[in-house]
Amino acid sequence: MKRDVYCGQVIKEQVGRQITLCGWVASWRDHGGVVFVDLRDRTGICQIVFKPETGKVYELGRSLRNEDVVVVTGELILRQPGATNPRISTGEVELIAAQATLCNKADPAPFLPSSHEPVSEDVRLKYRYVDLRRRPMTEALIFRHRVTKLMRDYCDEHGFLEIETPILYKSTPEGAREFLVPSRLSPGDFYALPQSPQLFKQVLMVAGMDRYMQIARCFRDEALRSDRQPEFTQLDLEMSFVDREDVIALVTGLIRRLWSELLQVQLPERFPHMSWQEAMDRFGVDKPDTRFGMELKDVSETAAQTDFAVFKDAVASGGCVKMIAVPGGGTLSRKQLDELTAEAKQFGARGLAWIKLGGDAGAGNMGGPIAKFISPALQQTLRTATGAADGDLLLAVADKREIAWRVLGELRLKLGRTLGLMNESSWNFLWVIDFPGFERDEATGKIIARHHPFTSPLDDDLPQLESDPLSVRAKAYDLVLNGVEIGGGSIRIHRREVQSRIFSLLGISPEEAEKKFAFLLDALRFGAPPHGGIALGMDRLIMLMLGRQSIREVIAFPKTQSGTDLMTQAPSPVEPAQLADLHLAVVGLPPHGQAVPKHAAAEKQP
RNA sequence: GGGGGCGUAGCUCAAUUGGUUAGAGCAUCGGAUUGUCGAUCCGAAGGUUGCGGGUUCGAUCCCCGUCGCCCUCGCCA
């Protein structure tokens, strides 16, 4: 071991001692007689001074360039007064080089980790090892380590066992599209990579493990987003003999500890709970951002009395009219309103009605194309119902309930962002509970499980499972932070007859259920305790804790939006012999050897 | 699969209405410089304007195609 101390951790107490530092040249300044080198490692930076009287060591110091790797030994001294650098933690000391070894001369880096200039993301991803030397990235990985460590400690203190579950798993084509892995030993058969360890953790409860946790990798072959990767990490939990509030209390405690120890923020002992129904009615989404108001108001009754046909027809045909009041929105231009309308149409609305309060129409009046259809008395009712005043803007959607929720929910978020209504420094946690257990698939008309088919219905709603399945609520819960879903879970079904009723409701025949979930159904027969759990999205959680804009900023080696790894060039073609071993043939593409990896086509010739 | 944005030197960006030899900062290379810390000064080198085609006397600029990255809808808890 060459190193005595990390660059960022040398302290004044070590002044006068001979110490050895190892690291990368973060910057160099040659003043002819004296050369300064900033040496960087994962902890920070320490200034090295090379002086002419050291001969060869000085000459080596002069030759150092950015990102060279060196080991330097020398005396740590206090800097001269006035020569200190308050911008780095070690700015009051410096190392006078007495010996130095150049471990590896570096080629000029594609970009400099110490530069303040932003670098385009594809370049960063291609040279990720350089990118990870940048302070924000190093800090993100260190922070991530602290989060997982704390989670493991917390779970350990609460009696959880960390148990690994298989990555090579059985295909269960419910939910997201799966990644498949061909089996060499069973020609023609495939494993799937798990979307989550859901069924294994339930089986572990049947096995009597009582409390299971895992920092689990999950795989989903779906479109990517700034908050979605094809492989991502969850804190996966499952507990036996618990009910909803037990899981919620445990996770609340974990989150409070994370915020307290890693962010020095004290969160309330209990996070607000909100039913799914209330979330939709007030915010239009099942993961409300409660950092600002502008809530949805149902004005169907009033709207039906107006002379505006769109409103009357919507209500008459079983739909509704919902509004949001945009504070100060009266100043929006016609162009901006047109853009909002276009946005509304993108989310499924046929149109967007708007009313300006006061302004050109005069104090206490309403303006805009539909104002004339609303009598003064009804105008007053709308003002009261929406809480809007002169200078504000009312946006209205008249449609089916689901469309009105969606459109106004999305517009609310967009306007909240652009108008700067959100308090960026607040942490609004929220448990959303009482989700509907089932919904109707728009395309097929079939009843489908909203969460997954092993979610237990609320005991009170069980009697109406067959008569009115869409009214059945589930023992499911989501944890929402500032409008982002960071976790979700449920109490599971532990009785086989209830599971059978659910399968039958979902149109899954006993034979089909047997084929897909035999092991789980077996397990439920052989002594299943009541159990439930939750999974927290690690990547999103850490992204939010650090205030980053994308989960790629908290993942060491993320993939691009097209699922490629720019550093390793995965995925890539494989040798014909490999395919033959797996009894696979690639069809529908140019013959092997002509097929060029998509991302390689634009590569420049060397 | 649909919509949008971007692509110029190793990196970050300029380049008038389509007009002469495509510029700057940082990095790199050479030189100067004994207290800097985003060092400074002098000099040099560095370009198939992602790729292919088209329009034009002339294309970084306009058009078509294609590849890549990002955002977004669908999709996905």
Side-chain angles (χ1 to χ4, degrees), chain A residues 26-38 45-53 58 62 65-67 79-88 90-91 94 106-127 130 175-178 195-196 198 218-230 232 234 286-287 342-343 345-348 406 410 414 432 435 442-443 449-452 455 476 478-480 484-490 534-537 540 549-550 552 559-562 564 566 596-605:
Chain A
S27 97
W28 54 277
R29 299 172 290 280
D30 182 352
H31 286 254
V34 61
V35 175
F36 300 100
V37 167
D38 290 344
I45 278 174
C46 182
Q47 175 164 282
I48 316 287
V49 185
F50 291 90
K51 297 198 165 178
E53 48 270 33
Y58 170 69
R62 289 199 81 178
R65 292 297 179 268
N66 293 321
E67 304 312 314
R79 294 199 195 183
Q80 295 294 317
T84 59
N85 181 0
R87 292 174 56 191
I88 58 175
T90 62
E94 61 193 2
D107 279 352
F111 57 94
L112 289 181
S114 44
S115 167
H116 298 243
E117 260 181 349
V119 178
S120 60
E121 195 170 1
D122 47 346
V123 176
R124 292 173 51 202
L125 290 176
K126 180 168 181 182
Y127 304 99
V130 176
R177 192 179 297 117
E178 300 171 316
Q195 299 173 36
S196 78
Q198 179 62 38
C218 308
F219 304 88
R220 290 176 192 159
D221 189 8
E222 295 290 349
L224 277 64
R225 285 282 194 287
S226 56
D227 62 351
R228 278 195 244 152
Q229 283 273 306
F232 59 99
Q234 290 186 339
D286 60 4
K287 45 180 182 180
E343 192 115 0
K345 285 180 176 166
Q346 204 184 3
F347 292 115
R406 172 114 206 272
E410 295 286 350
K414 182 193 167 69
V432 178
F435 278 80
E442 290 284 330
R450 199 187 162 81
H451 193 59
H452 55 63
T455 305
D478 277 0
L479 180 58
V480 175
V484 179
E485 182 206 320
I486 57 172
S490 63
I534 194 168
L536 299 182
R540 282 185 197 173
Q549 297 303 309
S550 152
R552 295 186 300 273
K559 292 183 175 54
T560 67
Q561 200 164 44
S562 51
T564 62
L566 293 180
V596 177
K598 276 198 302 182
H599 49 266
E603 288 288 302
K604 287 178 184 172
Q605 296 301 318

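Protein chains get the first letters and strands the later ones, always in sequence-line order, with residue 1 at the start of each. Any value given below was found using the heavy atoms of this structure, including those in side chains, with hydrogens, waters and symmetry copies removed.
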Exercise. Counting heavy atoms not belonging to A:Y127, are there more than 12 under 6.0 Å from its OH?
Worked result: no
Problem set entry | Phosphate OP1/OP2 of B:C69: any A:T560 side-chain N/O under 4.0 Å | yes
Exercise. Taking only N and O in the side chain of A:R406, is any of them less than 4.0 Å away from OP1 or OP2 of B:G74?
Worked result: yes
For this session: Assign A:G537 to base, sugar-phosphate, or nothing according to its heavy-atom contacts below 4.0 angstrom with the strands shown.
Result: nothing
Exercise. B:G74 base to A:R225 side chain: any donor-acceptor pair below 3.5 Å?
Worked result: yes
Problem set entry | Polar pair under 3.5 Å, donor/acceptor by atom type, side chain A:E121, base B:G68 | no
Problem set entry | Centroid distance under 5.5 Å and plane angle under 30°, A:H451 vs B:A77 | no
Exercise. When the distance from CD of A:Q561 to C1' of B:C71 is rounded to whole Å, what number comes out?
Worked result: 7 Å
For this session: Look at the side chain of A:Q47 and the base of B:U36, then say whether one donor and one acceptor between them are separated by less than 3.5 Å.
Result: yes
For this session: Measure from CZ on A:F232 to C1' on B:C76 and round the result to the nearest Å.
Result: 9 Å
Exercise. Between A:W28 and B:G38, does any side-chain N or O lie under 4.0 Å from OP1 or OP2?
Worked result: no
For this session: Answer with base, sugar-phosphate or nothing: what part of the nucleic acid does A:R552 contact at a heavy-atom distance below 4.0 Å?
Result: sugar-phosphate
For this session: Check every strand shown and say whether A:R220 touches a base, only sugar-phosphate, or nothing at a heavy-atom separation below 4.0 Å.
Result: sugar-phosphate
Problem set entry | Between C1' of B:U33 and CZ of A:F50, the distance in whole Å | 18 Å
Exercise. In whole angstrom, what separates A:E178's CD from B:C75's P?
Worked result: 19 Å
Problem set entry | Contact under 4.0 Å: A:S120 side-chain N or O vs B:U12 OP1/OP2 | yes
Exercise. Are A:S27 and B:A39 close enough that a side-chain N or O sits under 4.0 Å from OP1 or OP2?
Worked result: yes
Exercise. Could a donor-acceptor pair under 3.5 angstrom be found where the side chain of A:K126 meets the base of B:G68?
Worked result: no
Problem set entry | Base B:U33 to side chain A:R62, donor-acceptor N/O within 3.5 Å cut-off | yes
For this session: Taking only the side-chain nitrogens and oxygens of A:N66, find out if one of them lies under 4.0 Å from OP1 or OP2 of B:U28.
Result: yes
For this session: Answer yes or no: does a side-chain N or O of A:Q195 lie under 4.0 Å from OP1 or OP2 of B:C76?
Result: no
Problem set entry | pi-stack flag for A:F36 and B:U36, centroid dist under 5.5 Å, interplanar under 30° | yes
Exercise. What's the NE2-C1' distance between A:H116 and B:C26, to the nearest Å?
Worked result: 12 Å
Exercise. A:R29 has an atom CZ; how far is it from atom P of B:U36, in whole Å?
Worked result: 10 Å
For this session: May I ask you to verify if any side-chain N or O of A:S562 is less than 4.0 angstrom from the OP1 or OP2 atom of B:C69?
Result: yes
Seminar exercise, completed: A:H452 atom NE2 is separated from B:C76 atom C1', nearest whole Å, by 15 Å
Exercise. Below 4.0 angstrom from OP1 or OP2 of B:C29, is there any side-chain N or O of A:R65?
Worked result: yes
For this session: Provide, to the nearest angstrom, the distance between the CD atom belonging to A:E117 and the P atom belonging to B:C11.
Result: 12 Å
Exercise. Tell me the side chain to side chain donor-acceptor pair (under 3.5 Å) pairs involving residues 111-125 of chain A, sequence neighbours left out?
Worked result: A:S120-A:D122, A:E121-A:R552, A:R124-A:D131, A:R124-A:E553
Problem set entry | Residue-phosphate contact under 4.0 Å: A:T564 side-chain N/O, B:C69 OP1/OP2 | yes
